[in-house]
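Written out below as structure tokens is the structure these notes cover.
Protein chains get the first letters and strands the later ones, always in sequence-line order, with residue 1 at the start of each.
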There are 2 protein chains.
Amino acid sequence: MTEHAHDAHHGSGHGHHAHRGGDVEASLERAAATCLARGAQLTELRRQVLRLVLESGQPIGAYALLDRLRGERRGAAPPTVYRALDFLMEQGLIHKIERLNAFVGCAEEPGHGHTHAHPHPHQFLICGRCGSTAEVCDEGVAHAVAGAAARLGFVVHRTTVEVEGICAHCASADATAG
Amino acid sequence: MTEHAHDAHHGSGHGHHAHRGGDVEASLERAAATCLARGAQLTELRRQVLRLVLESGQPIGAYALLDRLRGERRGAAPPTVYRALDFLMEQGLIHKIERLNAFVGCAEEPGHGHTHAHPHPHQFLICGRCGSTAEVCDEGVAHAVAGAAARLGFVVHRTTVEVEGICAHCASADATAG
DNA sequence: GGTCATGATGATACACTATATCATGGTGGC
DNA sequence: GCCACCATGATATAGTGTATCATCATGACC
């Protein structure tokens, strides 16, 4: 295991939400600092959307976000939330899970070399049983993809890796319960 | 290059379609044989949809398929094409590219160990410049993903790997043209 | 101050993607 | 014949994402 895959669960996944307010606030602060350093404008709207994504603690769809956003923004419409999501993705503060048409906060912890480095390599593990998702940053996967592309002369911009299966929790539940 | 990544271009990509009729016919024959051996029913409708996907030679959306299908099936509706696509994906005869919401014929050549083995490992390289896509089957990527998942106790069912970037053709064009 | 370019947001409408549901019809087992 | 099973027809609706134009704030520049 040389790839130092550091796990990073989103989603309590197994039924309950994850309103770990402290983590959300800390993430928002880091996001603000990152944007400031970069000259990107983390406006009030974008911050609200980021907060909603982080608070959900699991993949959340654009229209679910829109519903929640309307609690604080009267006239919010689809473009309102999509534009904010586009910005947040460009900044690497959130990711989109294509298979789910849903968004999650980036689980990248500070101090792993890159702090929200623009599109950083990441992969998602999606449990088909409980719906939880985990973001992992496995260098081995990133290298293998880069190598395969390079051998074909392909210049990589962004990579989407989404693994659907059964998480450790559900797998062990299956093993005991039959 | 130990992973024996065998390229398999879909899509002439660079402007012209790829109506390589012979290839399409051969693929249809192989598909029929595979389904027969498996007890799966490659009905006329499903065969028509598979043919349309193969003939397009590039990623094609469900509604574009529907339009074309209506040339041969009067009352075709969305469920008509989606049901056929679901079947073809289950059989591994086509793949969906999530980033594009589009479908391509499986480029797996016969004689690589698995013949349309149920979900076989594959990756897509998507050129953001010309829109061409290439399907590759890189064992290194597959192993890296399997390893990362296994270390977390995650049981893999299916893996989606989609790489967005610039293909060799467009990259060299950039290099010469500035 | 005035003008202008830029970028963010508001607001409306629309396009695109996918599924739910019930009805119909064919095939083969019994 | 009857039934179970599967594929398809047909209609309606749900879910996801963009195009477009208007408005407004900010800051550069003259």
Q) For DNA chain D, which residues in residues 40-50 of chain B have a heavy atom at a distance below 4.0 Å? A)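 Here the set is B/Q41, B/T43, B/L45, B/R46.
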Q: Would you indicate, yes or no, if D/dT16 has its OP1 or OP2 atom less than 4.0 angstrom from a side-chain nitrogen or oxygen of A/K96?
A: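 No.
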Q.
With a cut-off of less than 4.0 Å, is there a side-chain N or O of A/N101 near OP1 or OP2 of D/dG17?
A. yes
[X] [atom1] to [N] [atom2], straight-line distance once rounded to whole Å:
X	N	atom1	atom2	answer
B/L88	D/dT8	CG	C1'	15 Å
B/R73	D/dA7	CZ	P	14 Å
B/E90	D/dA7	CD	C1'	13 Å
A/L66	D/dG17	CG	P	12 Å
B/Q91	D/dC6	CD	P	14 Å
B/Y82	D/dT13	OH	C1'	14 Å
A/I60	D/dG17	CD1	P	13 Å

(Q) Here's a test of your reading of the structure: between A/A84 and B/A62, which maps to the more 5' nucleotide of DNA chain C? (A) A/A84
With rounding to the nearest 0.5 Å, note down the distance linking [atom1] in [X] to [atom2] in [Y].
X	Y	atom1	atom2	answer
A/E162	A/T133	CD	OG1	10.0 Å
A/C106	A/M89	SG	CE	13.0 Å
B/L85	B/L52	CG	CG	10.0 Å
A/L54	A/F103	CG	CZ	14.0 Å

Q) Got a sec, which residues hit salt bridge (Lys or Arg N to Asp or Glu O under 4.0 Å) with B/E44, two or more places apart in sequence or on another chain? A) none
Q. Is the ring centre of A/Y63 under 5.5 Å from the base ring centre of D/dT16, and are the two planes under 30° apart, so that they stack?
A. yes
Are any protein N/O atoms closer than 3.5 Å to N/O atoms in nucleotides 19-28 of chain D? If there are, list each pair with its distance.
none

4.5 Å side-chain heavy-atom contact, [X] and [Y]:
X	Y	result
A/I166	B/F154	no
B/T80	B/L45	yes
B/F87	B/C35	yes

Q | Salt bridge B/E55-B/R68, side-chain N to carboxylate O under 4.0 Å | A | no
Q: Anything under 4.0 Å to a heavy atom of chain B counts; send over the first and last such nucleotide of DNA chain C, read 5' to 3'.
A: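 First and last nucleotides in contact are C/dT17 to C/dT21.
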Could you pull out all donor-acceptor pairs under 3.5 Å where a side-chain atom in residues 92-101 of chain A meets a protein atom, sequence neighbours excluded?
residue : atom : partner : partner atom : Å
A/H95   : ND1  : A/H122  : NE2          : 3.4
A/H95   : NE2  : A/E135  : OE2          : 3.2
A/R99   : NH1  : B/T160  : OG1          : 3.3

Q | Sequence neighbours excluded, every pair satisfying salt bridge (charged side-chain N to carboxylate O under 4.0 Å, His left out) that has a member inside residues 163-172 of chain A | A | A/E164-B/R158
